[in-house]
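The structure under discussion appears below in the form of structure tokens.
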Amino acid sequence: MRRKLAAGNWKMNGTGEALTALEAIAGAHPAATVDLLICPPATLLYRAAQAVSGSRVRIGGQDCHAANAGAHTGDISASMLADAGASAVILGHSERRADHGETDAQVCDKARAALDAGLIAIICIGETLAQREAGQTLDVVCAQLAGSVPDGIDGSRVVIAYEPVWAIGTGLVPTLEQIAEVHDTLRQQLIGRFGSETAEAIRLLYGGSVKPGNAAEIFAVSNVDGALVGGASLSAADFSPIVTALEQAAG
């Protein structure tokens, strides 16, 4: 049985003052029945891990380099994230793919490094509006899935986040039928590649304007094992109802 996951991506937001919001999230769910993960900016990783120590909240990074060490100014390795207190890392987010030109192959290399460092790899995939309107959604996400996920994985340590690019931060959300079509297709692709046992252990998250008002209906969709939440994860007032909706969906 896959354990549901509510993950928050703070992106390039938050200084030390934001730790109070993190503590509020942890305090709101002292006995959470789903996994909770917040991914703050790298400058807050260590302090965030200390702030939620002993709680149900875990801390993750937003990116890592494929190499473990070396002459890569400004980059952070997976082992450094782990050393700072992270248990997971987001990889291949559409903003990284668009702003930094990250390819599927590069994301795959980063995922392999993350897994080698003992982190959970949260691998993001998703189509643009133009690709959606051209009827290319399934082709795009299946190609990204195939190219971004390493071989020989432990399914319990890999998470796939489907984030339609056109829905991130826009308030637009695919229909429940569209979400189900993508998530069901991803599950079948994973089964075909890795076999049922590994594929059924991989959690599939939906991301893209998840809010308290739409979380419950999204979590009722088949093969949706949680959410990767952006802006709504920056405050307990917005993130906590999403966590509660996921707990209710998990039964």
Over all atoms of both residues, closest heavy-atom pair of [X] and [Y]:
X	Y	answer
C108	G147	CB-O, 3.3 Å
V141	G126	CG1-CA, 4.1 Å
A167	P174	CB-CD, 4.2 Å
C64	A78	CB-N, 3.9 Å

Kindly indicate whether the side chain of [X], heavy atoms from C-beta on, has any atom under 4.5 Å from the side chain of [Y].
X	Y	answer
L44	L22	no
L91	I122	no
L5	D225	no
S87	I120	no
Y162	E127	yes
S94	I168	yes
D35	R58	no
I76	D63	no

Evaluate the criterion side-chain contact (heavy atoms from CB on, under 4.5 Å) for residue pair S148 and D104; output intermediate values, then yes/no.
CA-CA 5 Å; S148 302; D104 293 339; 3.3 Å; yes

Of the options L205, I242, L246, V173, which is the one that meets V210 in a side chain to side chain contact (heavy atoms under 4.5 Å, CB included)?
I242

Any donor-acceptor pair under 3.5 Å from [X] side chain to [Y] backbone:
X	Y	value
N214	S209	yes
R193	A146	yes
R2	E200	yes
R97	G92	yes
E247	T33	yes
D139	Q136	no
K4	A227	no

R187 with D184: basic N within carboxylate O range, under 4.0 Å:
no

Check step by step if side-chain contact (heavy atoms from CB on, under 4.5 Å) holds for L115 and V158.
CA-CA 8 Å; L115 295 172; V158 171; 4.2 Å; yes

Judged by modelled atom types alone, do H93 and E163 share a side-chain donor-acceptor pair under 3.5 Å?
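There is such a pair (donor and acceptor under 3.5 Å, judged by atom type) between the side chains of H93 and E163.
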
Less than 3.5 Å apart, any donor N or O on the side chain of H183 or S222 sitting next to an acceptor on the other?
no

Identify all side-chain donor-acceptor contacts of residues 229-236 below 3.5 Å with residues at least two apart in sequence or on another chain.
residue : atom : partner : partner atom : Å
S233    : OG   : V229    : O            : 3.4
S233    : OG   : G230    : O            : 2.7
S235    : OG   : D238    : N            : 3.3
S235    : OG   : D238    : OD2          : 3.3

Same cluster or not: V165 versus I179, using hydrophobic residues (I, L, V, M, F, W, Y) connected whenever any side-chain heavy atoms lie under 4.5 Å apart?
no

Scan H100, Q62, K11 and name whichever one has a side chain to side chain donor-acceptor pair (under 3.5 Å) with E95.
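Testing E95 for a side chain to side chain donor-acceptor pair (under 3.5 Å) against H100, Q62, K11 leaves exactly one candidate, K11.
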
side-chain contact (heavy atoms from CB on, under 4.5 Å) between V182 and L186: does it pass, once the steps are laid out?
CA-CA 6 Å; V182 172; L186 294 176; 3.9 Å; yes

